[in-house]
Structure formats: structure tokens, C-alpha cells
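A short write-up of the structure that comes next.
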Amino acid sequence: MIPFNKPLITDQEKEYIMDALNRAHISGGGYYTKKAEAIIERTFGAYKVLLTTSCSSALDMSAILLGLKAGDEVILPSYTFVSTANAIMLRGATPVFAEIQEDTLNINPEDILRKITLKTKAIYPIHYGGIACDMESIMQIAEEYSLKVVEDAAQGVNVKYQGKYLGTIGDIGCYSFHETKNYSCGEGGALLINVNDQKLFERAEIIREKGTNRSQFYRGEVDKYTWVDMGSSYVPSDILASLLCAQLEKMDEIKNKRREIFNYYYNELEGLEKEGYLKRQAIPEGYDSNYHMFYILLNSEKERDQVLGRLKEKGIKAAFHYIPLHISPMGKKLGYRLGDLPVTEAVSSRLLRLPMYFELTKTEQDYIIDSLYAVLKPRKFAQKHA
Ligand SMILES: *Cc1c(COP(=O)(O)O)cnc(C)c1O
């Protein structure tokens, strides 16, 4: 069986974990937590970085930091993971779903403009598959309408856009280091504060530490620590941070390997696209990527589901992706209906992601590619002659 994803665990990861255990500081805020935060700050040029237990927690923290509340509206794509919308809902604010662009499957700035009302407070763009949203337009809109921007850069770690890194462009950025992401520590994330605002950063530290000023206490800035604001438990263990450090140190090696895998899929599947069987994920001219995924678009949902099943029979774990949030049971409760976001609905029903991970071998990739040809071409042929 070729899995869909496989975490990369080398001797270095094991060594760092042992070292973290030997340091006997296994809660948060230890040697490796600080080290990982420093690597992210330095490499990506963020003002301040806080490791978190997940990207979901970073998103929750961002919504608290923005002061979102009942009556506020926040614009985000429907084509995203639930955590983006949950962060907004948990503050009592209303998620407003916008349409995506057909080329990148990222939020469409024109639809953002259509959905802005007097209640709109923020935009939460997500960088799908490690390809940047049209941040230039999004930041312009945000400035014009005085909106905050929080980047859900869960999939966008180590990607450049116009000289900056994704996650450092909006007011706040959120990263994920979940097992399924390019750089992973099992469960983990980071909150990036990009505005030069020490007060905002201090509040983020407090929210992450259960609403206490414990971080300031550790730095000797206050005599005792106490409850000063609302918050929760968003600090990851130093053991996980050690695992993350090992991954961050080989960030570019991972990116290069994934680029090779991406390009091989892209080139080898050209024949199927030329004959109209599928459309390959393409990276727009001039765009960087971390090659988080490789997807194809089949011609219909039925065909996608058939291909998924046939690949599984051949021992290949491919995967569909997001069920658009606006047509999920929760989205329906919010008043959305099928037909509200036609591009999102059409694309999500035809999308199929192929196995993509560091250790995927050329032999395995050849087998996946051959299987796709075998699955798609004879069936088309049979249909045509039915
Ligand atoms: C993975 C992902 C998340 C959630 O990340 P966790 O670290 O698992 O909480 C949020 N948003 C997007 C777009 C994601 O891909």
C-alpha cells in the first residue's frame, strides 16, 4: 500500500527528542521552544513568533486578539479546513464565505469586495496547497476598509510572495506543524505577530498561558504571576518543539525533494491532460510553492470517486479534500445552500490529491502514474464505444 502521507522521521528527530527528555524541561517554553521560535522569526522575518499546540489554537488566539465578538463578520473562503471558521464562531462572530479563484483555489478578492458590509472586521485568507493568495489585492482591500488580515498559512510555511514569506504579510499569521503538513511535529502550530506592536505580542503570550502573565514572570519582569486576561492552554511541550527543530533545520531539503516529486507528477501526467482526462494542479507563473500537495481535477464527481476507488484497489491511497464549509451541516445551519458558491462546489467535487511525502520513491511514483493511465484511458475508451 502506498500511503497518502508519511511523516519524515530521521535519527536527528530521535536525537533531539532524547536531548529534550534529558534536559528534563518537558513542559512548554524550554530550550527547544525558544529555538524553534527563533528559527521561524529569523528565517521568515516575523516580528514575533509563539509556538502553539496547533494551527487551530493559533487561529483561536488570533480571533481573541482581534477582539472579534457577536455581530462582527469575518470573510473567509468556504473551501478551507474547519478550524478557520471555528476560530470565528467561537468568538460569537459570523463567518461569511467567499468564492475561490479557479486557478489557485484561493479566495477571490473580487468576491471579498462583494461581501464587505459595515459589520466586516477581518479577512482570513488561506494559502491553499502552499500557493499564495492574491495578497496584494487582499492587503489593499483591508487597508481601504480598515479590516484586519489573519493569514491561515497552515499549508504555506516556507513560501515566498513578493519578497516576504507567507504568514508574515497579514497582521497575524498562523502555521501548522501537524503530521500531514510539510514540516511537522505531530501536532503543533505557530502564531506570527507581524505588526510591530509589543502590547499585542504581550497579550498573545498571556492568552497562550491560560490568561496569566507567567511569561513575564519567567523573564523577571513581574514578581508573581497571576490571572490578567482570558486565555487557554496553547503552549506545546518542549518535546514536540525538539521534533519541530529537527524538521525546521532541513526545511529546504524537504522543499527541494517535494519540488522534484511535484514536477515529476506534473510532467508525466501531461498526456492525460492533453487528451482531456484531467487537469493538473499548476503553479502560476512567477509563484513560489512549498509543494504541499499535488492534485488533479477530474471531469466529474462520479469520475473522481471512481478513480479514487480504483486507485485504492491498486494499493494507492489518494484523497479528496475539503467538503466546502457552506454546504456542510454546520454551514447549512448558518443559512447557506448548495449553489451559493458554484466554483467552490464544482472544484471540490472533482479534486483528487495524489500521495505526496518526502520518502515517496520514483518507483512508487511511476506505479501511481501508470495506474492513473490504466484507470482513466480504458474506461474512457469503453464509454465511447458503449
Ligand atoms: C491543517 C490545517 C489547519 C489546522 O491545523 P492544525 O495544526 O491541525 O490545527 C487549519 N487550516 C488549514 C488551511 C489547514 O490546512
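Side-chain heavy-atom separations under 4.5 angstrom define the hydrophobic clusters, and the remaining members of the one that includes Phe358 are Leu8, Ile39, Ile40, Phe44, Val49, Leu51, Val157, Tyr165, Tyr175, Phe177, Tyr183, Leu192, Leu244, Leu248, Met251, Ile254. Using a 4.5 Å cut-off between side-chain heavy atoms of Ile, Leu, Val, Met, Phe, Trp and Tyr, Val228 falls into a hydrophobic cluster with Ile206. The hydrophobic cluster containing Tyr32, built from Ile/Leu/Val/Met/Phe/Trp/Tyr side-chain heavy atoms closer than 4.5 Å, also comprises Tyr16, Tyr31. Hydrophobic side-chain contacts under 4.5 Å tie Tyr225 into a cluster, directly or through other members, with Phe217, Tyr218, Val222.
More than 12 heavy atoms of other residues, nucleotides or ligands shown are found within 6.0 angstrom of NZ on Lys255. Residue-environment remark: CD (Gln12) exceeds the threshold of 12 foreign heavy atoms within 6.0 Å. The environment of Gln162 atom CD is dense: over 12 non-hydrogen atoms of other residues, nucleotides or ligands sit within 6.0 angstrom. For Phe320, the CZ atom counts as loosely surrounded, since its 6.0 Å shell holds 12 or fewer non-hydrogen atoms of other residues, nucleotides or ligands. Atom CD of Glu102 sits in a sparse spot, with 12 or fewer heavy atoms from other residues, nucleotides or ligands closer than 6.0 Å. In this structure, Asn22 places its CG atom where more than 12 heavy-atom neighbours from other residues, nucleotides or ligands lie under 6.0 Å away.
Between Arg23 and Asp238 there is no salt bridge, since no side-chain N of the basic residue sits under 4.0 Å from a carboxylate O of the acidic one. Between Glu202 and Lys199 no salt bridge is recorded (no basic side-chain N to carboxylate O distance below 4.0 Å). A salt bridge is absent between Lys257 and Glu253: the closest approach of a Lys/Arg side-chain nitrogen to an acidic carboxylate oxygen does not fall below 4.0 angstrom. Under 4.0 Å is where a charged nitrogen must lie from a carboxylate oxygen, and between Glu37 and Arg208 at least one such pair does.
If you run side chain to side chain contact (heavy atoms under 4.5 Å, CB included) between Ile126 and each of Ser83, Pro77, Cys133, only Pro77 comes through. When each of Asp171, Asp60, Leu200 is tested with Leu65 by the rule side chain to side chain contact (heavy atoms under 4.5 Å, CB included), just one qualifies, namely Leu200.
Remark: Lys317 fails to qualify as a cation-pi partner of Phe4 under the 6.0 Å distance and 45° angle criteria applied to the six-membered ring.
Cluster annotation: Leu341 is not connected to Leu338 through the hydrophobic network of ILVMFWY side chains, with a link wherever side-chain heavy atoms come within less than 4.5 Å.
You'll find the side chain of Arg280 reaches within 4.5 Å of the side chain of Phe294, heavy atoms only. Two residues are said to be in side-chain contact when any heavy atoms from C-beta on lie closer than 4.5 Å; Leu240 and Ile17 fail this criterion. Here the side chains of Ile207 and Met230 are not in contact, with every heavy-atom distance at 4.5 Å or above.
Sorted by first and then second residue, the salt bridge (charged side-chain N to carboxylate O under 4.0 Å, His left out) pairs involving residues 209-222 (not counting sequence neighbours) are Glu205-Arg219, Glu209-Arg214, Arg219-Glu221. Judged as a side chain to side chain donor-acceptor pair (under 3.5 Å), the pairs with a partner in residues 349-358 (not counting sequence neighbours) are, in order, His321-Arg353.
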